[in-house]
Amino acid sequence: MKPTTGEKVFYGVNYFILALAALSCLLPIVHIIALSLSGNEAITLGKVGLWPRDFTWTAYSKLIQDTNIVGAFRNSLVITLVGTALNMLFTILAAYPLSRKHFYARRTLTLAIVFTMLFTAGLIPNYLLVKSLGLVGNYGALWLPGLVSVYNLLVLKSFFENIPEELEDAARIDGSGEWRIILQIVLPLSIPVIATIALFYGVAHWNSFFNVLIYINDPARFNLSVLVQNMIQSQSLMSELAMLDPDAFRKLTPESIRSAGIMVMILPMLIVYPFLQKYFVKGMLIGSVKG
Amino acid sequence: MGSLDIGARKDRESRMREKSALGKRRRWNMNKPLIIMFLPIVVFFILFKYVPMFGFVIAFKDYNFADGILGSPWVGLDNYRYLFQNPDTLGIIRNTLVLSALTVFVGFPFPIILAILLNEVQRSWFKRWTQTLLYLPHFLNWVIVGGLVLMLFSIETGFVNNMLERLTGSSYPFLFKEGSWIAIFVASGIWKAAGWSAIIYLAALTSIDPSLYEAAGMDGAGKWKQIRHITLPSLMPTIILMFILNIGNVMDVGFDQVYVLQNPVVTNVAEVISTWNFKVGLGSGQFSYATAMGLFESLIGLTLVLIVNGIARRSGRGLW
């Protein structure tokens, strides 16, 4: 069938709107990249658009030499890797029993868990608890209170429920215990959903901001989010840098340093995101179908 | 004959009793490893989710560090009397409602529109690229998005103001005027979330029977009519579901977004419950006020979810 004139107009407008929307997501990031690589004068005169002017790496080298960005990067990695491993272990331990039909009180327990998603204790009671457990200033404060996300738990539980029971019955007849069934049958069959959930946890830890802000006081233990936020918000860091090295600083504007900081934080995400996108989308869908 | 019958029944009964005892035994044996597995989870949820709920008693006390949660004196509803009589805190509740309602209601149609538009794209490479780019902002946290916004709209060096200056000769303090600050707040929220939220609608769209469109096309229905009479009605259950989920968030303005975007000049419209709790509670140590506010927020959120779900259930589309 040949498209009618009306359809041609419709498709043209459609492609135009979508292209515009997609570019609105891309161009701000390109602009930040350009700023982070541009010289002082070009930035102050507002000449930097989507391409660096007076190309220079100074912002990055200053960032690495004079701020704790390398340490913050390492902290972010530790928070993310350890946090995600703990999350996965305990989410699996929670989801498997709840997915078994013969598990005692499975409905009551599930309801009690879902309730914590609808009604939360709020900032101060949580803070007082973490404080009384002696976790303030400790990465434990970032890992333990969010050990199991109810949403991810429900996703994994519903996936486990859909694994055919015959497989497990066969293993049970062969004398396998529950632990062996998990390790040798259930987990290998669930690798895609487990990867997806691990990615969700990982992104959340990498991006964590508020918890680090309230629980971690030692600047040496800040993650990238808090360090970059301090750079964006405070003028003092910029004047400190200016005092340390006035010559190099004359070539820099706060904008280029801030942009470079933002880039250090975005970059790992930009690198892995295109490859992992399909897992994220899959995870979103498993959750919403059940949700 | 009769006795034989009774005997047979007895036999069956005892066999069943034996079997059910065996079943119970077997069930217990199968449960043992599960209980061991689940024990740490029970500890986690009680300790980190339910114990803090009892911390809400601080809302009705005059909390101080020396006396602790249990020892601090009761003050009844004094904290609430303070919160609801003080114009500052009332303003904060109002700001929370305004910003979240704008985010929920203004932002709501965007993912639906994006999904419908994406669904009409026939070139798969174009669809793939736009989707990849539209989902990207979801993975950037508010520190980054806030940074992008501040850089784009700053007065001296911001890209937007540079353009404006070139076109009109003057710049505009977007982030320091209440109206434009709210607009930027809402728009940045939409920018971050709309693409990702479209995924759910896209999935719902794939289940529409293509023959419906063919038939409509035969009958001379143009694209607009097809979207109005086929696509939108098919999306309705998903739209209602997402609406319920969104309503539940109406009291909940995320801390991060406000914190990174706000500045002292726009505090009148930009201070919300979560940032106020942070400043008053953790900053100045007025735990009772912050907890009272937190409890108020949680209760409103819970009530909203229950009400909206009740309404949806009446039309057979409730969440539970």
Side-chain angles (χ1 to χ4, degrees), chain A residues 6-7 10 14-15 17-18 21-22 25-26 28 31-32 43-44 46 90 93-94 96-97 100 102-104 113 116 118-129 144-145 147-148 177-179 203 207 209-210 214 225 228-229 232 255 258-259 262 265-266 269 273-274 277 281 284-285 288, chain B residues 27 30-31 33-34 37-38 40-41 44-45 48-49 51-53 55-56 58 69 114 117-118 120-121 126 129-130 132-137 139-144 147-148 150-152 157 159 162 191 199-200 203 222-223 255-256 260 277-278 281-282 287 290-291 294-295 297-298 302 305:
Chain A
E7 276 176 358
F10 173 84
N14 186 15
Y15 279 66
I17 294 175
L18 282 175
C25 297
L26 179 69
H31 179 58
I32 292 294
I43 294 177
T44 6
F90 285 95
L93 286 184
Y96 184 75
R100 300 298 93 177
H102 54 266
F103 186 48
Y104 295 135
I113 286 174
T116 65
L118 299 177
F119 187 74
T120 48
L123 170 67
I124 303 298
N126 280 321
Y127 181 84
L128 289 178
L129 174 74
L144 295 180
L147 201 54
V148 178
E178 210 70 37
W179 294 96
V203 171
N207 281 337
F209 173 66
F210 184 58
I214 62 175
S225 297
V228 170
Q229 171 63 18
I232 291 171
E255 274 71 21
R258 286 170 188 160
S259 308
I262 292 178
M265 204 178 150
I266 294 189
M269 194 75 87
Y273 164 71
Q277 191 198 340
V281 173
M284 175 83 169
L285 289 178
S288 63
Chain B
R27 192 166 174 210
M30 285 170 83
N31 260 283
L34 298 181
M37 247 176 252
F38 205 71
I41 309 302
F44 164 74
F45 275 100
F48 282 102
K49 302 291 170 186
V51 166
M53 286 183 200
F56 272 140
I58 306 173
I69 295 179
L114 278 179
L117 294 182
L118 279 168
E120 297 291 343
V121 171
F126 184 84
W129 272 95
T130 38
T132 303
L133 289 175
L134 287 170
Y135 299 161
L136 179 64
F139 295 96
L140 310 176
N141 74 357
W142 274 111
V143 171
I144 295 175
L148 294 179
L150 298 187
M151 306 257 231
L152 283 175
T157 52
F159 186 74
N162 277 330
W191 183 78
I199 293 178
I200 288 170
K223 275 288 163 203
F255 171 88
D256 295 7
V260 298
N277 273 350
F278 172 72
L282 296 184
F287 283 31
T291 310
L295 178 59
E297 189 184 18
S298 285
L302 182 64
V305 174

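By convention in this document, chain letters (A, B, ...) are assigned in the order of the sequence lines, proteins followed by strands, and residues within each chain are numbered from 1.
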With the side chain counted from C-beta on, respond yes when [X] and [Y] share a heavy-atom pair under 4.5 Å apart, and no when they do not.
X	Y	answer
I262(A)	M151(B)	yes
L18(A)	L114(B)	yes
L34(B)	Y104(A)	no

Measuring from atom [atom1] of [X] to atom [atom2] of [Y], what distance do you get when rounded to the nearest 0.5 angstrom?
X	Y	atom1	atom2	answer
M53(B)	L129(A)	CE	CG	12.0 Å
L302(B)	L118(A)	CG	CG	6.0 Å
I17(A)	L118(B)	CD1	CG	11.0 Å
I144(B)	M269(A)	CD1	CE	6.5 Å
L148(B)	I232(A)	CG	CD1	8.0 Å
M37(B)	Y96(A)	CE	OH	6.0 Å

Interchain contact, [X] with chain A, by part (heavy-atom threshold 4.5 Å):
X	result
M30(B)	both
L140(B)	both
F255(B)	side chain
F126(B)	side chain
V260(B)	both
F44(B)	side chain
F139(B)	both
I58(B)	side chain

Can you name the closest pair of heavy atoms from W191(B) and P28(A) and give their distance? CZ2-CG, 4.3 Å
Look at [options] and state which one has the largest set of heavy-atom pairs under 4.5 Å with chain A.
options	value
T291(B), T132(B), I199(B), T130(B)	T132(B)
L133(B), L134(B), L152(B), L150(B)	L133(B)
N162(B), V51(B), L295(B)	N162(B)

side-chain hydrogen bond (donor to acceptor under 3.5 Å, both in side chains) partners for Y15(A), two or more places apart: none
Checking N277(B) now: which residues fulfil side-chain hydrogen bond (donor to acceptor under 3.5 Å, both in side chains) with it, not counting sequence neighbours?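 For N277(B), no residue satisfies side-chain hydrogen bond (donor to acceptor under 3.5 Å, both in side chains) once neighbours in sequence are set aside.
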Which of the residues [options] is involved in the greatest number of heavy-atom pairs with chain B at under 4.5 angstrom?
options	value
L93(A), I43(A), I214(A)	L93(A)
A21(A), P274(A), P145(A)	P145(A)
A121(A), S225(A), S259(A), G122(A)	A121(A)
V228(A), V203(A), L123(A)	L123(A)
Y273(A), F90(A), W179(A), Y127(A)	Y273(A)
N207(A), I113(A), V148(A), L128(A)	N207(A)

Using a 3.5 Å distance criterion without hydrogens, assess whether the side chain of [X] forms a donor-acceptor pair with backbone atoms of [Y].
X	Y	result
N126(A)	P52(B)	no
S298(B)	F119(A)	no
R27(B)	H102(A)	yes
N141(B)	F209(A)	no

Chain B contact via I266(A) - which portion, at a heavy-atom distance below 4.5 Å: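 Both parts, backbone and side chain.
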